[in-house]
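To keep things clear, I will list the structure first and then write my remarks on it.
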Amino acid sequence: MKKTLFIGLGAMTLGLGTLGIVVPFLPTTVFYLLTAFFWMRSSEKLYGRFIQSERYKQYVQEPIVKKNISTKNMLRMFIAIFIVFLIPCIFVDSIVMRITMACVYIVHVVGLTWYLKGKKNRKTDMKTNLIKIDEGNKK
């Protein structure tokens with residue numbers, strides 16, 4: 001029963017994720033991660049086929065796992081997030097809500113930029129600093 005439920009939920013999230021490629025307010029990556037979660041726990045065959053697919057590699061593996069995302073794709077992601085955050089700001093007439101949404105958007109931009117672009121450089125910097133510390137201890 002659980003296996004059948006997870007296979008069905010995985011198929012549904014795969015469909016929503018694929019639809020999210022063309023609809024800006026549906027998060028493709030989130031739905032693809034859910035698909036992997038459901039299929040990993042229900043069907044090795046479906047999970048294996050899914051993680052080998054080009055869509056998975058393009059929307060999950062490269063940008064999230066490997067943190068290999070181009071500036072163009074980051075801008076597209078931030079524009080999509082902006083549109084999603086803009087919708088309630090248009091329909092709800094509350095300055096407090098608009099300021100809150102703006103602050104949350106800024107935190108998203110800064111946090112995602114730091115996570116996706118900053119980690120590569122920090123690992124290199126940490127190794128360099130550890131070598132410098134080690135060399136300082138030898139003297």
Side-chain angles (χ1 to χ4, degrees):
M1 175 77 174
K2 183 179 170 182
K3 183 176 178 177
T4 305
L5 177 67
F6 277 11
I7 289 173
L9 288 171
M12 183 181 73
T13 56
L14 175 67
L16 289 170
T18 303
L19 184 62
I21 293 171
V22 293
V23 179
F25 59 85
L26 283 176
T28 300
T29 303
V30 172
F31 285 121
Y32 278 2
L33 286 170
L34 282 171
T35 301
F37 171 82
F38 287 129
W39 284 353
M40 181 173 54
R41 284 163 175 70
S42 62
S43 170
E44 287 184 29
K45 181 180 175 182
L46 287 173
Y47 175 71
R49 285 179 53 197
F50 178 64
I51 63 170
Q52 295 302 319
S53 71
E54 288 302 314
R55 297 274 189 219
Y56 175 83
K57 290 176 183 175
Q58 180 182 1
Y59 291 102
V60 177
Q61 188 174 5
E62 288 296 318
I64 304 301
V65 177
K66 293 183 179 178
K67 295 175 185 60
N68 184 16
I69 187 168
S70 68
T71 304
K72 177 184 171 186
N73 285 340
M74 279 189 67
L75 286 174
R76 288 175 60 196
M77 177 180 61
F78 291 143
I79 289 168
I81 294 171
F82 179 77
I83 291 168
V84 170
F85 279 50
L86 186 63
I87 293 169
C89 292
I90 291 171
F91 291 112
V92 178
D93 189 24
S94 170
I95 192 72
V96 174
M97 195 264 319
R98 289 179 180 161
I99 291 171
T100 303
M101 294 297 276
C103 291
V104 171
Y105 177 74
I106 291 168
V107 169
H108 272 80
V109 170
V110 171
L112 286 169
T113 303
W114 174 80
Y115 178 75
L116 294 172
K117 291 293 189 177
K119 287 249 181 185
K120 295 175 195 169
N121 296 333
R122 273 194 306 283
K123 286 181 182 176
T124 305
D125 291 345
M126 286 176 66
K127 286 180 184 176
T128 304
N129 288 337
L130 287 173
I131 291 170
K132 288 180 184 177
I133 290 170
D134 189 43
E135 288 174 355
N137 289 337
K138 290 180 181 176
K139 290 180 181 178

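Since we're looking at a predicted model, the values are computed, not measured.
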If every non-hydrogen atom of [X] is compared with every non-hydrogen atom of [Y], which pair is closest and at what distance?
X: M101; Y: C89; result: CB-SG, 3.7 Å
X: S42; Y: F6; result: CB-CB, 3.6 Å
X: T113; Y: F78; result: OG1-CZ, 3.4 Å
X: I51; Y: K57; result: O-CE, 4.0 Å
X: T28; Y: G20; result: OG1-C, 3.0 Å
X: V92; Y: R98; result: O-NH2, 3.4 Å

Could you tell me if the side chain of [Y] sits less than 4.5 Å from the side chain of [X], heavy atoms only?
X: L46; Y: F38; answer: no
X: M12; Y: L34; answer: no
X: L112; Y: K117; answer: no
X: F37; Y: L9; answer: no

#### Entry: Gap separating the NZ atom of K72 from the CG atom of L75, nearest 0.5 angstrom
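Going from NZ on K72 over to CG on L75, the span is 10.5 Å.
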
### Distance (rounded to the nearest 0.5 Å) between I87 CD1 and I83 CD1
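If we round to the nearest 0.5 Å, I87:CD1 and I83:CD1 are 7.5 Å apart.
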
Taking [Y] as the starting point, is it possible to reach [X] by hopping between hydrophobic residues whose side chains are less than 4.5 Å apart?
X: V23; Y: I90; value: yes
X: V22; Y: L26; value: yes
X: W114; Y: V107; value: no

### Message
Holding to side chain to side chain donor-acceptor pair (under 3.5 Å), I want the full list of residues that pass it with T100, two or more places apart in sequence or in another chain.
### Response
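In terms of side chain to side chain donor-acceptor pair (under 3.5 Å), with neighbours along the sequence ignored, T100 is linked to no residue.
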
[X] side-chain N/O to [Y] backbone N/O, donor-acceptor pair under 3.5 Å:
X: T29; Y: V60; value: no
X: Y115; Y: K67; value: no
X: W39; Y: E44; value: no

### Query
Hey, would you say the F50 and Y32 ring centroids sit under 6.0 Å apart?
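Between F50 and Y32, the centre distance is under 6.0 Å.
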
### Message
For F31, give me all partners under ring pair (Phe, Tyr, Trp, His ring centres under 6.0 Å), at least two apart in sequence or on another chain.
### Response
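F31 satisfies ring pair (Phe, Tyr, Trp, His ring centres under 6.0 Å) with no residue once adjacent residues are dropped.
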
### Task
Quick one: name the residues clustered hydrophobically with V96, using the 4.5 Å side-chain heavy-atom rule over I, L, V, M, F, W, Y, and just say none if it's on its own.
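Direct or chained contacts put V96 with I95, I99.
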
### Query
Hey, what's the ring geometry for F85 with H108, parallel, tilted or perpendicular (30° and 60° as the breaks)?
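Perpendicular, since the angle between the ring planes exceeds 60°.
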
